[in-house]
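Any value given below was found using the heavy atoms of this structure, including those in side chains, with hydrogens, waters and symmetry copies removed.
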Amino acid sequence: MKRRSMLGWGELIVGILLVVFGIYTFVRPSSALTGIVFLYGILAIVTGIMDIAFYVKVEKHTGFGPAVSLVTGILSLIAGILLLINPNAGKWAMTILFPLWFITHCISRLTHLPVIRWTAGTGYYYLTLVINVIGLILGVFMIFNPFLSFLSVGYVIGAYLLILGIDHIVVAVSKVGMR
């Protein structure tokens, strides 16, 4: 029986959290801008730590790490800390920060595509490609139309969190999460 590496378990936990938060956001979209800013702050911190851990793990094994993962990890940590420190400002900033987070996280995942194709196969490669291109389009759309973004941010965030959570869970149970 193969053992899971810390990357596989971490991806699974983050994936489950993302799916749970995505479902909650769909059920109560008005809460996305009020009550769960704090939870999104924690989620951003956890995601940032996972991106930084991915960078460290890849650098340890290959001698170089994907700098985009390090940058997006740091940005996620900063966004999470800011949301925890000032939740009221977080409600306003979500309409700007989340599109930027979508875009940077999707770019980070797209830079992982060669490794994903090599380790997890072409099926997961194309799934990751499609999910992250959709995330990029949503992020850009939300930046260029902030009023509509403000009105629909709960549903857009819910959908993206579900997609991102499924992506993390698939990574966790694929060959990428194995030693």
Please examine the side chains of Leu70 and Ile52, heavy atoms only from C-beta on, and report whether any two atoms are closer than 4.5 Å.
-> yes
For residues Phe26 and Ala159, report the shortest heavy-atom separation together with the two atoms involved.
-> CE1-N, 3.4 Å
Do Val71 and Leu100 share a hydrophobic cluster (ILVMFWY, side-chain heavy atoms under 4.5 Å, transitive)?
-> no
Who are the side chain to side chain contact (heavy atoms under 4.5 Å, CB included) partners of Ile45, not counting sequence neighbours?
-> Ile49, Leu77, Ile81, Leu84
Please answer: with hydrophobic residues joined when any side-chain heavy atoms are less than 4.5 Å apart, are Leu18 and Leu75 in the same cluster?
-> no
Going from CD1 on Ile163 to CG on Leu138, what distance comes out if it is rounded to the nearest 0.5 angstrom?
-> 7.0 Å
Looking only at heavy atoms, which two atoms of Asn132 and His105 are closest? And how far apart?
-> OD1-O, 4.5 Å
Verify side-chain contact (heavy atoms from CB on, under 4.5 Å) between Ser76 and Met50, making sure each step is shown before the conclusion.
-> CA-CA 10 Å; Ser76 291; Met50 290 305 301; over 6 Å; no
Hey, does Tyr126 have a side-chain heavy atom less than 4.5 Å from the side chain of Arg117?
-> yes
Would Ile13 and Val46 satisfy side-chain contact (heavy atoms from CB on, under 4.5 Å), going step by step from the backbone distance to the final call?
-> CA-CA 10 Å; Ile13 291 168; Val46 171; 5.9 Å; no
Quick one: side chain to side chain contact (heavy atoms under 4.5 Å, CB included) partners of Val133, sequence neighbours excluded?
-> Leu129, Ile137
Does a side-chain heavy-atom distance below 4.5 Å link Ile169 with Leu12?
-> yes
Measure the CD1-OG1 distance between Ile74 and Thr104 for me, rounded to the nearest 0.5 Å.
-> 12.0 Å
Spatial distance of atom CG (Leu113) from atom OG1 (Thr111) [nearest 0.5 Å] = 8.0 Å
Non-hydrogen atoms of Ser69 and Tyr55 that approach each other most closely = CB-CB, 4.2 Å
Donor-acceptor contact present, side-chain Tyr24 to main-chain Gly158, <3.5 Å | no
Return the set of residues passing side chain to side chain contact (heavy atoms under 4.5 Å, CB included) with Leu136 (not counting sequence neighbours), or none when no residue passes.
-> Ile103, Cys106, Ile107, Leu110
So do Tyr124 and Asp167 actually touch side chain to side chain, heavy atoms under 4.5 Å?
-> yes
Thr47 and His168: side-chain donor and acceptor closer than 3.5 Å?
-> no
Check the hydrophobic clustering (I, L, V, M, F, W, Y; side-chain heavy atoms under 4.5 Å; chains of links allowed) and say if Trp118 and Leu127 are grouped together.
-> no
Roughly how far apart are Arg109 CZ and Thr72 OG1, rounded to 0.5 Å?
-> 9.0 Å
